[in-house]
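Order of the sequence lines fixes the chain letters, A, B, ..., with proteins taken first and strands second; residue numbering starts at 1 for each chain.
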Protein chains: 2
Amino acid sequence: MKKSKSQYSNIRNQNKNEILEDYVEAIQEISEIKGDVKNADLAIHFGVSQATINKNLKRLITSKLATSEPYRSIFLTNEGKKLADISKEKHNIVYQFLIKLGVSKKIAQYDSEGIEHHVSDETLKLMKNFSK
Amino acid sequence: MKKSKSQYSNIRNQNKNEILEDYVEAIQEISEIKGDVKNADLAIHFGVSQATINKNLKRLITSKLATSEPYRSIFLTNEGKKLADISKEKHNIVYQFLIKLGVSKKIAQYDSEGIEHHVSDETLKLMKNFSK
DNA sequence: AGTCATTTTTAGCCTAGGCTAAAAATTATA
DNA sequence: TATAATTTTTAGCCTAGGCTAAAAATGACT
Ligand SMILES: [Mn+2]
Ligand SMILES: [Mn+2]
Ligand SMILES: [Mn+2]
Ligand SMILES: [Mn+2]
């Protein structure tokens with residue numbers, strides 16, 4: 001919650017970060033499963049066109065979260081890996097928390113995908129604690 | 001979670017609905033406090049320019065959530081009021097839930113503003129139950 | 001009523017995320 | 001090694017949410 005402008009503009013910003021977080025998380029996951037990550041993998045994963053992936057990837061690259069030479073595989077930078085780890089951890093805490101609350105797996109998976117981007121550290125700590 | 005495309009595109013959609021929900025909620029709130037709602041009130045409330053409010057309001061109007069004649073006050077349609085009630089209720093449940101979890105007022109207020117748009121009915125019910 | 005101040009709207013610009021269709025490059029196969 | 005298939009990139013379009021600056025309308029005050 002850094003230097004507060006209005007509460008709302010911060011949340012609109014969370015929406016912009018959302019795609020970055022989801023992407024680094026997906027890149028890391030696919031990389032672990034398949035060894036390398038191609039444009040097409042992300043297109044399938046997110047259910048959007050490859051053209052869209054290509055464009056979004058450019059934002060990841062200018063944000064120094066990923067690197068990729070034309071027509072080659074996609075890699076996370078150290079910064080990207082760091083964000084991926086944090087995002088995955090956060091995602092998991094929210095998911096486990098919802099499960100503990102009594103939410104069904106399907107819905108917990110679904111809701112955590114959105115909620116994860118809007119949870120402060122304070123709330124996250126309490127969720128983590130609640131789950132154990 | 002209606003007809004599922006991909007999980008992700010649904011969440012991107014929630015982000016588009018977010019602004020509609022926040023707006024109808026704000027319009028209702030301001031209307032109750034000040035009697036009528038002007039462009040400028042919303043600009044202050046959301047911390048954006050009046051030009052931005054003007055444009056977003058057009059989306060509310062084409063979405064049949066609000067009405068407004070040029071240079072005059074803003075009103076919610078019945079549909080808008082309905083959405084406002086639902087949004088406010090949802091917002092409140094999430095807020096109270098976070099408080100019950102142990103989150104500080106400030107942070108609960110902040111987090112609930114984002115989370116409210118990503119909580120399914122199933123999760124909402126469990127949150128409501130947890131709070132009492 | 002006429003002038004001045006305020007508010008609202010418009011115009012034009014930007015980033016971001018989506019799409020389709022076509023071009024370019026790579027990879028596979030004959 | 002050509003040719004064909006696949007993948008990636010580019011181009012051009014759209015909606016959405018932000019901005020500033022200027023125009024237009026409304027409201028207040030002599
Ligand atoms: Mn995630
Ligand atoms: Mn997510
Ligand atoms: Mn709200
Ligand atoms: Mn909100």
Exercise for the section: Look at all strands and tell whether B:Ile53 reaches a base, only sugar-phosphate, or nothing, counting heavy atoms closer than 4.0 Å. Expected result: nothing
Handout entry: Closest to the A:Asn56 side chain, choosing from D:dG17, C:dT9, C:dG17
Key = C:dG17
Practice task
May I ask you to evaluate whether B:Thr52 reaches the phosphate of D:dC19, defined as a side-chain N or O under 4.0 Å from OP1 or OP2?
Solution key: yes
Practice task
Mind listing the closest non-hydrogen atom pair of B:Ser120 and A:Asp111 along with its distance?
Solution key: OG-OD2, 2.8 Å
Handout entry: Short side-chain N/O contact to C:dT9 OP1/OP2 from B:Asn39, under 4.0 Å
Key = yes
Fill in the blank from the handout: Quick note, B:Lys58 side chain, CB onward, closest among C:dT10, D:dT8, D:dG18 is C:dT10
Exercise for the section: Tell me what A:Lys16 touches on the nucleic acid: a base, only sugar-phosphate, or nothing, going by heavy atoms under 4.0 Å. Expected result: sugar-phosphate
Fill in the blank from the handout: Taking D:dT9, C:dG18, D:dT26 as options, the one with an atom nearest any side-chain atom of A:Ile19 is C:dG18
Practice task
Determine, using the 4.5 Å side-chain heavy-atom cutoff (strictly less than), whether B:Leu126 and A:Ile93 are members of one ILVMFWY cluster.
Solution key: yes
Fill in the blank from the handout: Side-chain atoms of A:Val48 come closest, of C:dC19, D:dT8, C:dT10, to C:dC19
Practice task
Report yes if a side-chain nitrogen or oxygen of B:Arg12 is closer than 4.0 Å to either non-bridging phosphate oxygen (OP1 or OP2) of C:dG18; otherwise report no.
Solution key: yes
Completion exercise
DNA chain C nearest-nucleotide lookup for A:Asn17 and B:Ala51: closer to the 5′ end is B:Ala51
Handout entry: is_close_aromatic(A:Phe130, B:Phe130), centroid dist under 6.0 Å
Key = yes
Exercise for the section: Determine: side-chain N/O of A:Asn54 to OP1/OP2 of D:dT9, distance under 4.0 Å, yes or no. Expected result: yes
Practice task
Could you tell me whether B:Lys38 contacts a base, only the sugar-phosphate backbone, or nothing, with contacts defined as non-hydrogen atoms closer than 4.0 Å?
Solution key: sugar-phosphate
Handout entry: Proximity to the side chain of A:Ser49 - top-ranked nucleotide from D:dT8, C:dT8, C:dT20
Key = C:dT20
Problem - Side-chain ion pair, A:Asp22 and B:Arg12, N-O less than 4.0 Å - result: yes
